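Let me begin by presenting the structure, written as structure tokens, before commenting on it.
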Amino acid sequence: MSSINMAWFDEMESRIPRGGVRTRFAPSPTGYMHVGNLRTALYTYLIARKYGGKFILRIEDTDQERYIDGAIDVIYKTMKKCGLAHDEGPDIGGPVGPYTQTQRRDFYLKYAELLIEKGGAYRCFCGRDDADDEDPSDEKAIKKYDGRCSRLSEREIEEKLKSGAPYVIRQKIPEGKTTFSDMVFGEITVENDTLDDNVLIKSDGLPTYNFANVIDDHLMGITHVVRGSEYLSSTPKYNLLYKAFGWDVPNYIHCPPVMRDAHNKMSKRHGDPSYEDLLLLGYLSDAIVNYVALLGWSPGGEREIFTLPELVDVFDIGGISKSPAIFDIAKLNYFNSEYIRAMSLDDFHRLALPYIKSSVKKCTDTMAIAEILHQRCEKLTDIPDKLDFFDRLPEYDKSLYINKKSKTDESVSLKMLESALPVLEDIDDWTHEGVHNALFSLVEKLEVKNATLLWPIRIAVSGKAVTPGGAVEICHILGKEETISRIKSGIKKLNSATH
RNA sequence: GGCGCGUUGGUCAAGAGGCUAAGACACCGCCCUUUCACGGCGGUAACACGGGUUCGAUUCCCGUACGCGUCACCA
């Protein structure tokens with residue numbers, strides 16, 4: 001029975017890198033990146049970089065049911081776009097490959113058998129879920145496996161095996177209590193009798209997630225296990241596994257969840273945006289990463305804006321919070337506008353161009369448009385609506401001409417437009433400066449507030465109360481002909497409306 | 001139900017026995033301004049509750065409440 005080939009295990013062990021931090025991000029290929037996942041990946045990356053260690057990408061694709069075509073590509077693309085470059089992974093290899101779980105399936109059974117030898121596991125021949133109470137309505141039922149197969153004699157096992165009875169391999173939970181230490185939650189102790197003899201190897205010979213994880217983390221030399229706090233409860237079982245093998249236990253860093261509201265995690269099901277969705281919604285990757293870093297972690301000071309390298313610098317495991325954080329899109333908006341404003345005009349122009357073009361076809365000076373947009377844009381997808389008046393003057397109500405602060409009403413506005421018309425017609429040099437000078441000298445001549453003249457002009461040329469840029473910018477971009485035509489129609493509108 | 005974890009303003013959060021309990025977002029007001037935005041100034045708003053320990057608790061301990069997680073041959 002002891003057909004265990006120790007040489008093979010020695011070989012596996014000898015591949016494990018020693019000394020130095022190694023972290024891993026181990027997503028399942030589901031086709032998109034949750035915000036919570038992204039944050040876990042980010043923290044995992046930051047810890048590796050912070051301590052000059054290695055950041056490893058491992059694909060946990062053992063669930064064939066949920067396999068989605070192209071999902072692995074999404075992971076690569078997302079990581080790359082976020083700047084979370086891995087040092088080892090399925091695509092680039094490394095010393096402890098393969099890095100895809102389906103390609104490691106042989107390892108797990110061997111280690112499970114080793115564990116049986118070591119007394120940390122046993123074969124269980126009980127059928128699948130032959131629990132007494134299969135009534136699901138009995139919500140509070142505690143169905144704990146009673147561990148009867150762990151008491152089988154050598155001979156009984158022999159016989160069952162010979163008869164070809166199907167079996168699973170279960171973890172043998174010893175008596176006593178288990179204490180483990182988490183870098184976020186501190187020391188946690190549980191009584192072992194609250195732990196179940198979990199299945200390690202399923203009857204089909206494939207490992208359960210819990211087992212595969214421990215084996216892989218060990219064989220890959222992972223020193224810091226970063227994962228969601230939903231694993232806190234099962235960590236004692238992992239610890240017992242490490243102990244049964246005689247392996248060093250890694251450092252644990254359990255992260256609280258990212259919530260959509262006080263009660264629910266962010267989820268695709270509830271329509272919450274994934275990382276990809278946020279991109280589509282017009283958010284910048286850097287802004288998303290920065291914001292997400294601050295959900296459940298605080299650098300302690302007052303600063304909030306950090307680039308990725310800066311995050312590496314200031315990141316501190318002690319700053320990770322124990323309680324969940326609610327994702328607040330309004331705050332993301334703020335980060336996004338900060339990032340947009342911090343960009344150079346050229347960069348912004350390049351980024352905004354498709355959005356500008358989707359709404360403005362007639363004006364060609366996209367740079368001038370980008371310029372008025374630049375400092376007042378929360379997200380890229382807001383752009384088309386802000387610019388829709390350029391191609392076509394919208395229907396508008398003449399009441400827009402009334403503005404207290406500018407001291408305008410309909411009749412004042414009419415006067416302003418009538419005086420502006422010949423001045424505008426007279427401009428040969430239709431540049432921003434040319435329009436500006438002409439209009440401001442008219443202001444002086446009329447002895448009115450700037451706004452008294454400029455408000456009605458802006459309304460006439462845009463038809464909107466709120467526009468990016470002021471009257472001068474809009475007139476300039478619109479061009480002479482279009483500007484004059486819109487002023488004329490404004491005059492007409494006001495004339496027909498006199499009471 | 002057992003076990004585990006959590007609880008500072010609407011949200012993110014600092015704080016770590018003695019503070020007028022930071023800061024940011026959002027909101028409101030004022031200023032600036034050619035609208036909005038930006039910027040500047042100011043404002044509303046919080047330690048879940050009850051017991052201890054202590055000269056003194058947001059901070060330490062114990063309960064209670066509420067919430068979350070977990071108890072799969074899913075990851």
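Since we're looking at a predicted model, the values are computed, not measured. Side chains included, hydrogens not; waters and symmetry mates left out as well; all remaining heavy atoms used.
Closest contact between the side chain of D196(A) and the listed nucleotides rC71(B), rC25(B), rC73(B) involves rC71(B). Taking the side chain of N450(A) as heavy atoms from C-beta on, and the options rU34(B), rA13(B), rU7(B), the nearest nucleotide is rU34(B). Closest to the L232(A) side chain, of the nucleotides rC3(B), rG39(B), rC5(B), is rC5(B). Which of rA75(B), rC12(B), rG6(B) sits closest to the side chain of Y209(A) comes down to rA75(B).
Across the C1' atoms, rG51(B) and rA13(B) are found 29 Å apart, a figure rounded to whole Å.
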(Q) As a check on the pairing definition, encode RNA chain B in dot-bracket form, counting Watson-Crick and G-U wobble pairs whose two distances are under 3.5 Å, and using | for partners outside this strand. (A) ((((((((.[[[..)..(....]]].(((((.......)))))....[[[[[..)....]]]]])))))))....

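Whole-Å rounding puts the W297(A) CH2 to rA13(B) C1' distance at 12 Å. A straight line from CD of Q375(A) to P of rC36(B) spans 17 Å, rounded to a whole angstrom. Here rU11(B) presents its P atom at 16 Å from CE of M266(A), a figure rounded to the nearest Å. Whole-Å rounding puts the D261(A) CG to rG67(B) P distance at 13 Å. Distance NZ (K464(A)) to C1' (rC36(B)): 11 Å, rounded to an integer number of Å. Across the protein-nucleic acid pair, K405(A) atom NZ and rU35(B) atom C1' stand 8 Å apart, rounded to whole Å. Whole-Å rounding puts the M259(A) CE to rU7(B) C1' distance at 13 Å.
Under 3.5 Å, the side chain of R376(A) and the base of rC38(B) form no donor-acceptor pair of N or O atoms.
Side-chain N/O atoms of K322(A) include one lying less than 4.0 angstrom from OP1 or OP2 on rG6(B). Distances shorter than 4.0 Å separate none of the side-chain N or O atoms of H254(A) from OP1 or OP2 on rC5(B). Remark: K202(A) is not in phosphate contact with rA72(B), judged by side-chain N or O atoms under 4.0 Å from OP1 or OP2.
Under a cutoff of 6.0 Å and an axis angle of 45°, R170(A) and Y122(A) do not form a cation-pi pair.
Heavy atoms of Y167(A) sit nowhere under 4.0 angstrom from any nucleic acid atom.
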**Q.** Contact pattern, 5' to 3', of nucleotides 17-22 of chain B - B, S or - by protein heavy atom under 4.0 Å
**A.** -----S

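D197(A) has no carboxylate O lying under 4.0 Å from a charged side-chain N of K172(A), or vice versa, which leaves the two without a salt bridge.
Side-chain N/O atoms of H374(A) and R341(A) include no donor and acceptor closer than 3.5 Å.
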